[in-house]
Amino acid sequence: GARISYYLYTGEAAEKDSGDHKLISIAAEKSIEVSKQLFERLADTNAPQGFLCVISSSGLPKLENVVPGKRYAAFETIQDPSNLGTVLRTAEALGINGVVLSKGCCDVFSPKVVRGSMGAVFRMPVMNVGEMKEFVLSAKAGGIKCYASTPRAEQDISKTDFSGGGIMLIGNEGSGLTDEVIDACDVRVGINMLGRAESLNASAAAAILMYEMCRGG
């Protein structure tokens, strides 16, 4: 459903993947064949596949507001594009209703996010907010329960009741959620780790948290 402003491709790629080439050509407003050498200069991967689309961000789904009864994931200053791409892909797969990003998060349309999301960036509703604490307070005022993921947890995520929906707050890769955001949330939840590792990668932790949220109720 995304609007393709224009489509660049190499002759070799068009011949190799003729079916995909035909579909994209029909959908694109403008198609341009370029040489393999020029394509390699345009692409930012070491081994590009030969197809490149410039897609308009207008018309893509946006999360306008959060509502009670649904499940959301909110990220405070997540900075690694690969993590954010993986998170969007996982959120879509698990049935999360929308993703909220605070100021300081990486650009949702950066190349690594787009590739890592495997298309989820074009389908998952996203909301960009300023200070996460203010967003949490506003959500709570609207009757939505907010859960802070933190090592200083009050309860195990696997034993938490999410039947009423809510928002799972997940923090920065290095420092986690800020204290003010944790204090603003209703409940502190954590992942019970049985091994010797002190922490999990942000996208791995987010996957577990979102899975439990969608499973629990």
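Residue numbers run from 1 in the order of the sequence given.
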Residues at least two apart in sequence or cross-chain that pass side chain to side chain contact (heavy atoms under 4.5 Å, CB included) with K145, listed by chain then number, are Y147, D186, V187

Note: with side-chain heavy atoms under 4.5 Å as the link, the other cluster members for L194 come out as none

Side-chain donor-acceptor pairs under 3.5 Å in residues 126-141, sequence neighbours left out?
from: E131; atom 1: OE2; to: K103; atom 2: NZ; distance (Å): 2.7
from: K140; atom 1: NZ; to: A184; atom 2: O; distance (Å): 2.7

CG of L177 to OG of S149, rounded to nearest 0.5 Å, is 5.0 Å

Side chains of residues 78-102: which donor-acceptor partners sit under 3.5 Å, not counting sequence neighbours?
from: D80; atom 1: OD1; to: S82; atom 2: N; distance (Å): 2.8
from: N83; atom 1: OD1; to: S203; atom 2: OG; distance (Å): 3.4
from: N83; atom 1: ND2; to: E173; atom 2: OE2; distance (Å): 3.3
from: T86; atom 1: OG1; to: S82; atom 2: O; distance (Å): 3.0
from: T90; atom 1: OG1; to: T86; atom 2: O; distance (Å): 2.8
from: E92; atom 1: OE1; to: R123; atom 2: NH2; distance (Å): 3.1
from: E92; atom 1: OE2; to: R123; atom 2: NE; distance (Å): 2.5
from: N97; atom 1: OD1; to: R71; atom 2: N; distance (Å): 2.8
from: S102; atom 1: OG; to: T77; atom 2: N; distance (Å): 2.9

For S158, the side chain to side chain donor-acceptor pair (under 3.5 Å) test, sequence neighbours excluded, returns D156

Contacts of Q155 meeting side chain to side chain donor-acceptor pair (under 3.5 Å) (sequence neighbours excluded), chain-then-number -> T160

The remaining residues in the hydrophobic cluster of Y6, counting side-chain heavy-atom contacts under 4.5 Å among Ile, Leu, Val, Met, Phe, Trp and Tyr, are L8, I32, V34, L38, F39, L42, L52, V54

Quick note, salt bridge (Lys or Arg N to Asp or Glu O under 4.0 Å) partners involving residues 42-52, not counting sequence neighbours, are D44-R115

Donor-acceptor check, side chain of S175 to backbone of N172, threshold 3.5 angstrom: yes or no?
no

The complete set of ring-ring contact (aromatic ring centres under 6.0 Å, His included) pairs with one or both residues in residues 17-38, sequence neighbours excluded, reads Y7-H21, Y9-H21

Nearest heavy-atom approach of I4 to A27 is CD1-CB, 4.2 Å

Going by chain and number, the hydrophobic cluster around I26 (ILVMFWY, side chain to side chain under 4.5 Å) further includes none

*Short side-chain to backbone donor-acceptor contact, T150 and A153, under 3.5 Å*: no

Contacts of T45 meeting side chain to side chain donor-acceptor pair (under 3.5 Å) (sequence neighbours excluded), chain-then-number -> none

Hits for side chain to side chain contact (heavy atoms under 4.5 Å, CB included) against K36, two or more places apart or cross-chain, chain-then-number order -> E12, E40

